[in-house]
Amino acid sequence: MKTSIDGIKINYEQHGEGEDVLVLHGWGASMETMRPVIDALSSRYRVTALDFPGFGGSGAPTEHYGVPQYAALTYALLQQLGIQKTHVICHSFGGRVTILLAAQHQQMVGKIVFTGAAGLLKRRTLRYYLRIYGYKAAKRLSRGRTVKRLLKPLGIDVDARVKNAGSQDFRALPDSMKKVFVRIVNLDLKSRLKEIKSPSLLIWGEKDTETPLEFGRTMEKLIPDAGLVVFSGAGHYAFLECLGRFIHIVVTFFGG
C-alpha cells in the first residue's frame, strides 16, 4: 500500500487482526528483512510495517532528515492509519526511531521489543580518530590539483581514498543519503532512554558486532522497565537466526 507523508511516498503493509504491532526495520534494509516476523505474528495481531524513506519501495528523504524526522513520519503514519496505541518490534536503526517515538509519545506505545537496536555511540578508539582525520585531510587535498599531481607518482590516489573512505553502509549510499546517514549515526540517544515508560524487552545476539551486547546492557539499565535476553552465538540478526525462539518470546511478552 502507498501513502504520502511530508511529501514523501511511503510504502507500507498491514496484515492480520487484533492488537496492533508496529514492525520497524534496520538501516539499509526494508520491511522484507522483517518478513518472517510479520508473517509469524499476523495470525495473532494486526501488524503494520513500512519501508523507511530511502529504502524499499518508499521515496527518498530530503537532506535535512535525521532520526527526529523519521520518528515524526512514523508517528504521522500511525495517526493516518487511526492507530491509537501499538506494541513495537524494532531492529537496528528502527531502534533509534522507537526510542524517540516512545519518549515523545508515551501514550501511543505499548510494549517494545528492541532487537540489536541502535541509538548509542560506540566507544571511539584511537584508530577511529586517525581514520576520521585521515579522511578529512584527504578530502582537503583532493581539492588541490597540484597536490594530487605531485602525489600521483608516489602511488597515492587521493580521489580514490576519499571515495573509499567510510563504512560499507556509507559507501553504498547515494550521495543524497550520505548527509542523512552521518547525522543519524552521530546522534546519541542515551539520554532519552529514561523517558521510555513502556515495558521493554531487549533481545540481543551474543556476538553482535554492529550494535554490541554492551548496548543492550546499557539500555537495560537506563530504561525504567526493561529486561535483557541474550541469544548465545547469534549476531546482529539474532531475530532471524533464532526465529522460532524469538517469536515465542515476543508472543509471551505481548500476550494476545
For a quick test of your reading: what N or O donor-acceptor pairs under 3.5 Å do the side chains of residues 46-57 make, sequence neighbours left out?
{"unit_1": "Arg46", "atom_1": "NE", "unit_2": "Asp20", "atom_2": "OD1", "d": "2.6"}
{"unit_1": "Arg46", "atom_1": "NH2", "unit_2": "Asp20", "atom_2": "OD1", "d": "3.1"}
{"unit_1": "Arg46", "atom_1": "NH2", "unit_2": "Asp20", "atom_2": "OD2", "d": "3.1"}
{"unit_1": "Thr48", "atom_1": "OG1", "unit_2": "Gln14", "atom_2": "NE2", "d": "3.1"}
{"unit_1": "Asp51", "atom_1": "OD1", "unit_2": "Met31", "atom_2": "N", "d": "2.9"}
{"unit_1": "Asp51", "atom_1": "OD2", "unit_2": "Asn11", "atom_2": "ND2", "d": "2.8"}
{"unit_1": "Asp51", "atom_1": "OD2", "unit_2": "Gly57", "atom_2": "N", "d": "2.8"}

Under 4.5 Å between any side-chain heavy atoms of Ser4 and Lys9, yes or no?
-> no
Carefully, step by step, assess Leu213 and Leu228 under the rule side-chain contact (heavy atoms from CB on, under 4.5 Å).
-> CA-CA 10 Å; Leu213 182 54; Leu228 175 65; 4.3 Å; yes
NZ of Lys190: more than 12 outside heavy atoms within 6.0 angstrom?
-> no
For the residue pair Val229 and Leu202, establish whether any side-chain heavy-atom pair is separated by less than 4.5 Å.
-> no
Lys NZ or Arg CZ of Lys2 over Tyr12 ring: under 6.0 Å, within 45° | no
Nearest 0.5 Å, what's the CG-CD1 distance between Leu77 and Ile10?
-> 7.5 Å
Could you give the distance from CG (Asp188) to CG (Leu121), rounded to the nearest 0.5 Å?
-> 4.0 Å
Please tell me if the side chains of Thr115 and His91 come closer than 4.5 Å, counting only heavy atoms from C-beta onward.
-> yes
In this structure, CG of Leu101 is separated from CZ of Arg192 (nearest 0.5 Å) by 11.5 Å
Residue pairs involving residues 79-88 (criterion side-chain hydrogen bond (donor to acceptor under 3.5 Å, both in side chains); sequence neighbours excluded) = Thr3-Gln80, Glu19-His87, Tyr75-Gln79
How close do Phe114 and Ile223 get, heavy atom to heavy atom, and via which atoms?
-> CE1-CD1, 4.0 Å
Judged by atom type as modelled, is there a donor-acceptor pair below 3.5 Å linking the side chain of Asp6 to the main-chain atoms of Ile8?
-> no
How far apart are the C-alpha atoms of Ser232 and Glu206, what are their side-chain angles, what is the distance that settles it, and do they pass the side-chain contact (heavy atoms from CB on, under 4.5 Å) test?
-> CA-CA 5 Å; Ser232 179; Glu206 176 193 17; 3.3 Å; yes
Which atom pair, heavy atoms only, marks the closest approach of Ile184 to Trp27?
-> CD1-CZ3, 3.4 Å
Does the side chain of Leu73 come within less than 4.5 Å of Val97's, by heavy atoms?
-> no
Shortest non-hydrogen separation from Ile83 to Met108 and the atoms involved | O-CE, 3.5 Å
Taking C-beta and beyond as the side chain, do Pro212 and Lys122 meet within less than 4.5 Å on heavy atoms?
-> yes
Assign the ring pair Tyr70 / Phe93 to parallel, tilted or perpendicular, where the plane angle (0 to 90°) is split at 30° and 60°.
-> perpendicular
Report the C-alpha distance between Arg35 and Glu13 in whole Å, list the side-chain angles of each, state the deciding distance to 0.1 Å, and finish with yes or no for salt bridge (charged side-chain N to carboxylate O under 4.0 Å, His left out).
-> CA-CA 11 Å; Arg35 181 64 60 192; Glu13 293 182 2; 2.7 Å; yes
Ala117 and Met219 have their tightest heavy-atom pair at CB-CE, 4.3 Å
Heavy-atom distance under 4.5 Å between the side chains of Leu120 and Leu189, does that happen here?
-> no
Using only heavy-atom distances, determine whether the side chains of Gln107 and His105 contain a donor-acceptor pair under 3.5 Å.
-> no
When rounded to the nearest 0.5 angstrom, what is the spacing between SG in Cys90 and CD1 in Ile99?
-> 7.5 Å
Kindly give the heavy-atom pair with the smallest separation between Gly110 and Pro199, and that separation in Å.
-> O-CD, 4.0 Å
Supply the atom-to-atom distance Phe231 CZ to Ile203 CD1, rounded to the nearest 0.5 angstrom.
-> 5.0 Å
Does Phe215 have its ring centroid less than 6.0 Å away from the ring centroid of Trp204?
-> no
Residues His236 and Thr211: side-chain donor-acceptor under 3.5 angstrom = yes
OG1-CG distance between Thr74 and Leu100, expressed to the nearest 0.5 angstrom = 10.0 Å
Looking only at heavy atoms, what is the nearest atom pair of Ile196 and Ala103, with distance?
-> CG1-N, 4.5 Å
Can you find a pair of side-chain heavy atoms, one from Leu243 and one from Ile247, that are under 4.5 Å apart?
-> yes
Between Leu41 and Val250, does a side-chain contact (heavy atoms from CB on, under 4.5 Å) hold up when you go through it step by step?
-> CA-CA 9 Å; Leu41 295 179; Val250 167; 4.3 Å; yes
Does Thr252 reach the main-chain N or O of His248 with its side chain, forming a donor-acceptor pair under 3.5 Å?
-> yes
Any chance you could lay out the side-chain contact (heavy atoms from CB on, under 4.5 Å) test for Phe254 and Val113, step after step, and finish with the verdict?
-> CA-CA 9 Å; Phe254 286 168; Val113 174; 3.8 Å; yes
Sorted by first residue and then second, give each side-chain hydrogen bond (donor to acceptor under 3.5 Å, both in side chains) pair with at least one member in residues 212-231; sequence neighbours left out.
-> Arg123-Glu214
Sidechain-backbone polar pair: Ser30 side chain, Glu32 backbone, donor-acceptor under 3.5 Å | yes
Return yes when atom CD of Glu17 has more than 12 non-hydrogen atoms of other residues, nucleotides or ligands closer than 6.0 Å, and no otherwise.
-> no
Any donor-acceptor N/O pair, Lys179 side chain to Ser176 backbone, under 3.5 Å | no
